Amino acid sequence: MNALVADLRPAISRRLVRALRSIDALFLRVYGQALNPLYQSGTLAVASLLVALVTGVYLLVFYRVSAPYASIATLQGDLWIGRWVRAVHRYASDVCVLAVIAHVLKMIMGGRTWGPRMLAWLSGVALTMAVMFTGLTGLVMVWDAQAQVLAVDAVKLLDLLPILSEPLGRLFAIDRALPGSFFFMTLFLHVLTPLGGAALLWIHLSRLARPALLPPPGITKGLVASLVVISVVFPAPLLPAADMQAIPGPMPIDLPFGFWIVLSRALGPLPTLGMVALGLVAVCLVPWAVKPTRRPAPSHVDTRSCTGCTTCSLDCPYDAIRMVPRQDRREKESEMMALVNPSLCVSCGICAASCAPMGVGPGGRTGRDLMRHTEGFLHERPLLPTDVVVLTCRNGPGECGFTRDGIVIIPTECSGTVHTSQVELLLRRGAAGVCVLSCPPRDCASREGPKWLEQRMFLGREAELQERVDRRRVRVLSFSAAQGDEIVSALAAFQTEVVALARAAAEAAAQSELDAGDKRELGAADEGEPTLAECHEKAS
Amino acid sequence: MRHVSAFVFSLLLMAAIALLSRFPTQGAPPRAALRLSWKTVGHRVAVKAAEDPALPAHMRAPGGTFITHLVNYRLHVAIDGQTVADRSVKAGGLHHDRPLSVLEEVLVTPGTHPVDVSFTPDDSGEVTPNAPRYHLTQPIDFHAGRVCVVTLNEGRAALEVLP
C-alpha cells in the first residue's frame with residue numbers, strides 16, 4: 001500500500017510527533033480524547049481571548065489614564081471582585097499565548113503549513129503578533145516596575161531602528177517627562193489591536209469550511225473554572241509603582257509576553273532585536289521550509305461519473321469543491337457537477353471517500369484507485385478466515401507501529417479517505433472483521449476525517465456502507481499515536497468478537513448444510529445416494 | 001472521576017501558568033547611573049540658498065532665500081576624570097532638520113564622583129562662534145539603585161542635575 005499512503009510530511013513533522021508523544025499520552029490519560037485541550041489548541045486560544053475580553057471590559061470601567069497605577073492598586077485592593085478579575089484577565093492572556101504555541105506545533109506536526117494553508121499560517125503569525133502587542137500594552141498600562149522595564153526595554157529596541165527622528169527612550173528619562181497622553185494612547189492600542197485581531201481571525205479561518213471557534217462546553221467550563229480558582233489562590237502580582245529614576249532590580253516578569261526581556265538583559269538590545277527579527281522571519285518562512293517532500297496532486301472530478309449529488313462539496317473541509325452547471329449535458333447526466341478549485345485543495349482525499357461512484361479524488365487516490373490497490377494487496381496477501389483487517393490512519397495510530405497475530409494492517413492516508421466499498425470488499429474477500437483506526441476526532445490532519453467516516457459507516461451518510469454488510473464485523477476506533485497499548489487491547493477484543501462471529505456463522509452454515517443434506521437423504525433414500533456419512537463429511 | 005482528575009490537572013497547569021506569569025529575572029547589580037537626557041535646537045546657521053553647497057546647482061535660488069542648518073554638537077562626559085562618553089550629536093530626522101536629542105546612560109559605582117559634562121558645537125565642520133556651549137562640572141552623590149538625571153535647562157542656558 002506504500003504508493004498510496006506515502007508519508008509526505010517533512011522530517012521535522014515526524015520528529016516533533018515522536019518527541020511530543022509522551023506529552024500527548026499524559027494529556028490523553030488525564031483528559032481522554034473528548035476533553036484533551038491539546039486537540040483544541042486553536043479554539044482554546046479563542047476562548048481564552050474571549051475570557052480576557054470579558055474581564056477586560058470590567059477592568060476598563062475602573063482604569064484611569066490620569067492615574068494608572070493608583071487605579072490598578074485600587075482594583076487589586078478589592079478582594080471580592082477586582083483582584084481576581086484582574087488575575088483572570090492576566091492568566092487568560094497567558095493561556096492564549098501557550099495555546100497559540102501548542103497550535104503552531106500541532107500544525108507543524110501534521111504538516112499543515114504549506115500550499116493553500118499558507119494564508120492561514122501567515123495570518124496566524126500576524127494574529128500572534130497582535131496578541132503579543134495587546135498583551136504588552138496591557139502590562140504597560142499597569143505602570144508598575146514590570147511595566148517600566150517592558151516599556152523602557154521595548155523603546156530601546158525601537159530606537160535601534162533608524163525610523164524616528166529622536167529617541168523614544170527620552171519619554172521615560174524622568175517621571176514628569178511622561179506625557180499624560182501616553183497612557184491614553186496605550187489604552188487605545190490595547191483596545192484597538194484586538195479589533196484588528198478579529199479581522200485577522202476572519203482571514204485565518206476563511207479557507208475552512210466549518211471552522212470551530214470555541215472548544216466543547218466541557219473544556220470552556222473547565223478553562224473558566226480553573227482560571228477563577230487559580231486567580232483567587234494566586235492573584236496576579238502588582239509590583240511597586242514605576243519610578244523612572246530607579247534602576248530596576250530583580251523582579252518577576254510575565255514570561256509569555258516578556259520573554260524577550262530575559263534575552264535583552266542577558267545579551268543587550270541589538271542582539272535581542274536581531275534574534276526577535278530573525279525568529280519572526282523564520283516563522284514566516286515555515287510554509288516554504290516545512291512542506292511535503294513532493295507536492296501531492298489536487299483532487300479532480302471525473303465528470304462522466306459525477307451524479308451531482310453535492311456530497312463531495314459538502315464534505316470538503318476546505319471549501320475547495322463547488323457545484324457548477326454542467327456544460328454540454330448529455331442524456332441521463334445530472335444538471336450540476338462538482339468542480340475542484342486546485343488553489344484551495346490540500347489533497348486530503350476526503351472527497352474520494354465521499355463519492356459513491358468514485359468519480360472524485362486526488363490524482364491516483366480516488367475511490368477506484370483505492371479499490372484497485374486493495375485488490376492488489378489481497379492478491380499478494382490472501383486473507384485467512386480469522387484475519388482482522390485494520391485500516392489505520394498513518395498520521396495518528398499508524399505512527400505507533402503496533403502488531404498482533406491475525407491482524408492485517410493496511411495504512412491509509414486518513415481515516416476519512418477510507419471508502420466504504422473498500423471495507424465491503426475486504427469482508428467479501430474473507431476478513432473476519434474490518435476495523436478502521438482513526439485519529440481522535442478533533443486531532444485529524446484533514447480536520448473532519450473521523451466525523452465523516454463514522455457517518456458513512458453507521459449513519460447512512462452518502463457513500464454509505466451498504467445495508468447488506470454485517471455491522472458487527474465493522475468497527476471504527478479512534479486513538480492517538482501515543483496509545484499503542486490501548487490500540488492492541490481494543491483490536492484484541494474486536495478480533496475475539498469477530499472470530500467468534502465467524503465461528504458461529506461457520507457452525508450455522510454447517511448445520512444448515514447438514515439439515516439440507518438430511519432432507520436430500522430422505523428424498524433420495526430410495527435411490528440409495530448419497531449416504532449420511534457423506535453428508536456429514538461434506539458439511540464438515 | 002475522570003472529570004475531577006482532569007480539573008485537578010487543569011489547576012496544576014494553571015498554577016504553572018501563574019508561575020510563568022511571575023518568572024523571576026535577575027536585576028542589575030546594586031549600582032547607580034548617570035542619565036543625560038535633553039532635546040534642544042542648539043544653534044541654527046542660515047545659509048543663502050544660492051550658496052548652499054548641499055543643493056544641486058539648478059535648485060539654488062538666487063538671493064533672498066535662506067536655508068537653516070542645525071549645528072552638530074559634541075557630547076563629552078567624564079566621571080572621575082575618565083571619559084565615559086564622547087560622541088557627536090547630529091540633528092535628528094532624515095534631513096537632519098529636527099532638534100538634537102541626547103539620551104545617554106552610564107552606570108556608576110555608588111558614592112560621590114566628580115562629573116564633567118560638556119555639550120559644545122562640533123567645530124570640526126564649521127566655525128560657530130555664537131553657538132551656545134554648555135558645561136557642567138560638579139561632584140554628584142550617586143545612590144545605589146538610583147538614577148541621577150542631568151538635563152539641559154534652556155531657560156537658564158545651563159546643564160543641571162535634577163533633584
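Keep in mind the model is a prediction, meaning the values are calculated, not measured. Letters go in sequence order (proteins before strands), and every chain restarts at 1.
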Side chain, backbone, both or neither: which part of [X] has a heavy atom under 4.5 Å from chain A?
X	result
B/V8	neither
B/L13	side chain
B/R35	side chain
B/A91	neither
B/H3	side chain
B/R98	side chain

**Request:** I would like to know whether A/F27 and B/F9 meet ring-ring contact (aromatic ring centres under 6.0 Å, His included); could you show each step before the answer?
**Result:** CA-CA 9 Å; A/F27 273 69; B/F9 190 75; 5.5 Å; yes
**Message:** If I take atom CG from residue A/L168 and atom CG from residue B/L103, how far apart are they, to the nearest 0.5 angstrom?
**Reply:** 10.0 Å
**Message:** I'd like to verify something: which residue of A/G218, A/P237, A/P162, A/P37 has the highest number of heavy-atom pairs under 4.5 Å with chain B?
**Reply:**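 Looking at each option in turn, the highest pair count goes to A/P237.
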**Message:** Looking at chain B, which one of A/D243, A/V233, A/I261 has the largest number of heavy-atom pairs inside 4.5 Å, strictly under?
**Reply:** A/D243
Quick one: closest heavy-atom pair of [X] and [Y], and the distance?
X	Y	result
A/P235	B/R22	O-NH2, 3.0 Å
B/F7	A/S226	CE1-N, 3.7 Å
B/V147	A/M244	CG2-O, 4.3 Å
B/S21	A/D94	CB-OD2, 3.3 Å

Checking heavy atoms, do the side chain of [X], its backbone, both or neither come under 4.5 Å from chain B?
X	result
A/V30	both
A/A266	neither
A/L26	side chain

Heavy-atom check, side chain of [X] versus side chain of [Y], under 4.5 Å:
X	Y	result
B/T25	A/M251	yes
A/Y31	B/R2	no
B/M14	A/L223	yes
A/P167	B/S101	yes
B/L20	A/L98	yes
A/Q245	B/V149	yes

**Prompt:** For A/I247, does its backbone N or O pair with a side-chain atom of B/R31 as donor and acceptor, under 3.5 Å?
**Reply:** no
**A/E166 bridged to B/K39 by N-O distance under 4.0 Å** = yes
**Request:** Have a look at B/I17 and tell me which of A/L227, A/V95, A/L255 forms a side-chain contact (heavy atoms from CB on, under 4.5 Å) with it.
**Result:** A/V95
